[in-house]
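First up is the structure itself, then whatever we jot down about it.
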Amino acid sequence: MKKLQIRDIFNQIADLLEIKGDNPFRIKAYRRAAQSVENLSSDVEELVREGKLEEIPGIGKDLAKKIKEIIETGNLKYFDDLMKKTPKAILEMMEIPGIGPKTAKALYDNFKPKNISQLEALARSHKISGIPGIKDKTEENILKGIELVKKGKERMNLGMAVSINSEFVRLLKDLPHVKNISTAGSLRRMKETIRDIDILVISRKPEEVMDAFVRAPMVKEILAHGSTKSSIRTLEGVQVDVRVVDEKSYGAALVYFTGSKEHNIHIRRLANQLGLKVNEYGVFENKTGKNIASRREEDVYSALGLDFIPPELREDTGEIECAKEGRLPNLVALKDIRGDLHVHSDWSDGMHPLKEMATLGKERGYEYLAICDHTQSLRVAGGLNEKELKEQIKEIRKINKNIKGFELLCGTEVDILSDGSLDIKDEVLKELDIVVASIHSGFKQSKDKLTGRVIKAMENKYTSIIAHPSGRLIGERAPYELDFDELFKVAKETNTVFEINAFPSRLDLNDTNIRNAKKYGVTLSIGTDTHIKDQLDAMALGVGMARRGWLEKGDLLNTLSLSSLKKKLKRKRQ
DNA sequence: GCCGTTTTCGGCCCGACTGTTTTCAGTCG
């Protein structure tokens, strides 16, 4: 991945220049360029060949030359030289929360620690307090920061973030003088992993809210406690930031606190060009200082000449340009979802009988639920063989006769075997309404082999959907190597659907792959992969991913009515 | 280092909190 290599080099150059005390705007230029390259939808190497690098925002003559050098030689002399001049320990120290470039450099100049352990020893023996700007408190904070680095600042998955967030929302909501409350930050943007939780509160008594927040029983440590902004760490080690604002600046504060940082910087730059200033209190005219928008998010965007941008899109990956031109997608919403296309029953490793699954689906207001139990080769999950699958079909049809306005679809999560063939014979697959195929073995095969396997599975006319396509488990297992561009081309040709698996540790496809799939004209579906009933709730996470992938209602299979869905599924078999 | 219907030079997002100061620099989001 050349893009990521360029991104990393540019970001590291920015760090190195920061240590040197270089021009801050030059540093920003490198960071901005790093992001620009990462978000590129086209191939960098192609842009080099076509001489179009300077068309990338934030890339000028100099950086274009540096990108060219990286592509052509695999490294960058300017970067290597900078690296040689900067002690590694300084970069390492900058990883510690609370230590920035200035402090790291001061520490190095005074004590020359070789690594973080040596710094820790110095701090423990109270040696670092006394140099200019550092006293006992800073020393203490450095030790705390080192603890955190040692633990590894893990990001939590969306599911966990949702539950911690709701605890705090419940607590804050019940306080007197709290008029409204909103989750912000990356959780509101539905990022697949969350580092900290941001909550915005409307109140005329900010101090009271702050006091109650830092005294909450879930709080282990107070990181900052100001009059309108406080941060704590929970018993689980999760950082939660709460910000209190007045009702009249709610919209502006919500935009600011939702981010992303890159999105905010972009809209503030845009504001500058219009002679305006944006902060968390509103949009202001530079000349008069007059507040022209602040109460609602819509007002803030509109004051900048933009359509309202849904939180899931606020990553500065083209949404601002689209909002300017009125070209934002009309994103799919949870209410558009008519059914779940991947659930298990107690016929394999699910918890609930078929009949109960039907009741659960109907209770949610769904029109259908696709029962997709595992197949024979997946023995650990009690996979079904052909005979059992045929029996299950009979059972499902029988149950369906007794329910109105809802249907269980006969499906399977059939294994894609190591040669790309399916674990169930076509003559049985033919009997099913829907065939979901996925890989559960041979993860470590080569990219070509794995890609070939999935292509072969898609070429089977009975394969409706490829489930959890990348196989990743967030924080546990890397995605397997697949050529997604190739896969999406074949998916389009063969009318095969790609799944957005909404299981919290999977979220697979991820946002960038979803957006890419859409570019190829591939249809997607959301399945929760439910084994126990509460997991059906994960549909909301799946919709979040879909929205982050810029999907509209028409891009998804399970926004179709039951009859349209059946028609669409039959089309591939003809 | 980038960028331009005010500019090819002089700008570059903006503010809260902390710890150290005695008016502010550093860090963070």
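Residue numbers begin at 1 in each chain, while the letters A, B, ... track the order of the sequences. Values below: every heavy atom of this structure, side chains too, minus hydrogens, waters and symmetry copies. These numbers were taken from a predicted model, which means no experiment stands behind them.
- Nearest to the side-chain atoms of Arg195(A) among the listed nucleotides dC13(B), dG15(B), dG29(B) stands dG29(B).
- Distance CD1 (Ile267(A)) to P (dC13(B)): 13 Å, rounded to an integer number of Å.
- Residue Pro101(A) is classed as a sugar-phosphate contact, given heavy-atom separations below 4.0 Å to backbone atoms only.
- Proximity of a side-chain donor or acceptor of Glu319(A) to a complementary backbone N or O of Ile309(A) within less than 3.5 Å is not detected.
- Residue Ser227(A) is classed as a sugar-phosphate contact, given heavy-atom separations below 4.0 Å to backbone atoms only.
- The base of dG1(B) lies close enough to the side chain of Asn23(A) for a donor and an acceptor atom to sit less than 3.5 Å apart.
- Contact check, Lys65(A) against dG1(B): no side-chain N or O comes under 4.0 Å of OP1 or OP2.
- Candidate nucleotides dC13(B), dC17(B), dT27(B) were compared by shortest atom distance to the side chain of Lys28(A), and dC13(B) ranks first.
- The side-chain heavy atoms of Arg548(A) and Leu313(A), taken from C-beta on, include no pair separated by under 4.5 Å.
- At the phosphate of dA16(B), OP1 or OP2 sits under 4.0 Å from a side-chain N or O atom of Tyr281(A).
- Residue contacts for Leu63(A): at a heavy-atom cut-off of 4.0 Å it reaches the sugar-phosphate backbone alone, with no base atom in range.
- Within the 4.0 Å cut-off from OP1 or OP2 of dC3(B), not a single side-chain nitrogen or oxygen of Lys61(A) is found.
- A straight line from CG of Asp136(A) to P of dG19(B) spans 12 Å, rounded to a whole angstrom.
- Residue His225(A) is classed as a sugar-phosphate contact, given heavy-atom separations below 4.0 Å to backbone atoms only.
- The P atoms of dC12(B) and dC17(B) are separated by 24 Å, rounded to the nearest whole Å.
- Between Lys261(A) and the phosphate of dC28(B), there is no side-chain N or O to OP1/OP2 separation shorter than 4.0 Å.
- Distances shorter than 4.0 Å separate some side-chain N or O of Asn279(A) from OP1 or OP2 on dG15(B).
- Of the listed nucleotides (dC12(B), dG1(B), dC17(B)), dC12(B) has the atom at the smallest distance from the side chain of Asn272(A).
- Taking the ring axis of Tyr78(A) as reference, the NZ or CZ atom of Lys66(A) stays within 45° of it and closer than 6.0 Å to the ring centre.
- For the C1' atom pair drawn from dC28(B) and dC13(B), the interatomic distance equals 14 Å after rounding to whole Å.
- Remark: the separation of the C1' atoms in dT7(B) and dC3(B) is 10 Å, to the nearest Å.
- Using atom C1' as the reference point in both dG26(B) and dT21(B), the two lie 13 Å apart (nearest Å).
- With respect to Arg32(A) and Glu262(A), no salt bridge is recorded, no charged nitrogen being found less than 4.0 Å from a carboxylate O.
- Closest to the Thr138(A) side chain, of the nucleotides dT27(B), dG19(B), dG29(B), is dG19(B).
- Across all strands shown, dC28(B) forms a Watson-Crick or G-U wobble pair with dG15(B), both key distances being under 3.5 Å.
- For the pair Lys229(A) NZ and dA16(B) C1', the computed distance is 5 Å after rounding to whole Å.
- With dC2(B), dT18(B), dG29(B) as the candidates, the nucleotide lying closest to the side chain of Asp62(A) is dC2(B).
- Comparing dT20(B) with dT27(B), their C1' atoms sit 13 Å apart, to the nearest whole Å.
- Comparing the same atom, P, in dT5(B) and in dA16(B) gives a spacing of 31 Å after rounding to whole Å.
- Taking the side chain of Arg26(A) as heavy atoms from C-beta on, and the options dG1(B), dG29(B), dG15(B), the nearest nucleotide is dG1(B).
- Among the atoms of the strands shown, none is found under 4.0 Å from any heavy atom of Lys105(A).
- Nearest nucleotide to the Lys102(A) side chain, out of dT27(B), dC17(B), dG29(B): dT27(B).
- Residue contacts for Gln273(A): at a heavy-atom cut-off of 4.0 Å it reaches no nucleic acid atom on any strand shown.
- Phosphate proximity of dC17(B) to Thr228(A): present, with a side-chain N or O under 4.0 Å from OP1 or OP2.
- Regarding contacts with the backbone of dT27(B), a side-chain N or O of Thr103(A) is found under 4.0 angstrom from either OP1 or OP2.
- At whole-Å resolution of the value, CG in Leu223(A) and P in dA16(B) are 19 Å apart.
- For Arg268(A), no side-chain nitrogen or oxygen approaches OP1 or OP2 of dC13(B) to under 4.0 Å.
- Residues Arg327(A) and Glu325(A) are paired through a salt bridge, judged by an N-O separation under 4.0 Å between the basic side chain and the carboxylate.
- Nearest-nucleotide mapping onto DNA chain B: of Ile131(A) and Gln239(A), the residue sitting toward the 5' end is Ile131(A).
- With DNA chain B read from its 5' end, the first of the two nearest nucleotides for Gly58(A) and Ile99(A) is the one closest to Gly58(A).
- If you take CD1 of Ile222(A) and C1' of dC17(B), they are 14 Å apart, rounded to a whole angstrom.
- Residues Glu69(A) and Lys77(A) are not paired through a salt bridge, judged by the lack of any N-O separation under 4.0 Å between the basic side chain and the carboxylate.
- Within 6.0 Å of NZ on Lys519(A) lie more than 12 heavy atoms contributed by other residues, nucleotides or ligands.
- Atoms CD (Glu95(A)) and C1' (dC28(B)) sit 15 Å apart, rounded to a whole Å.
- Ser125(A) contributes a side-chain N or O that, together with a main-chain N or O of Ala121(A), makes up a donor-acceptor pair within less than 3.5 Å.
- The interatomic distance linking Phe25(A) (CZ) with dG11(B) (P) rounds to 10 Å, in whole Å.
- Distance CD1 (Ile232(A)) to C1' (dC17(B)): 16 Å, rounded to an integer number of Å.
- Glycosidic conformation of dT20(B): anti, with the torsion beyond 90° of 0.
- Only the C1' atoms considered, dT18(B) is 15 Å distant from dT23(B), to the nearest whole Å.
- Between Arg506(A) and Glu476(A) there is no salt bridge, since none of the side-chain N atoms of the basic residue sits less than 4.0 Å from a carboxylate O of the acidic one.
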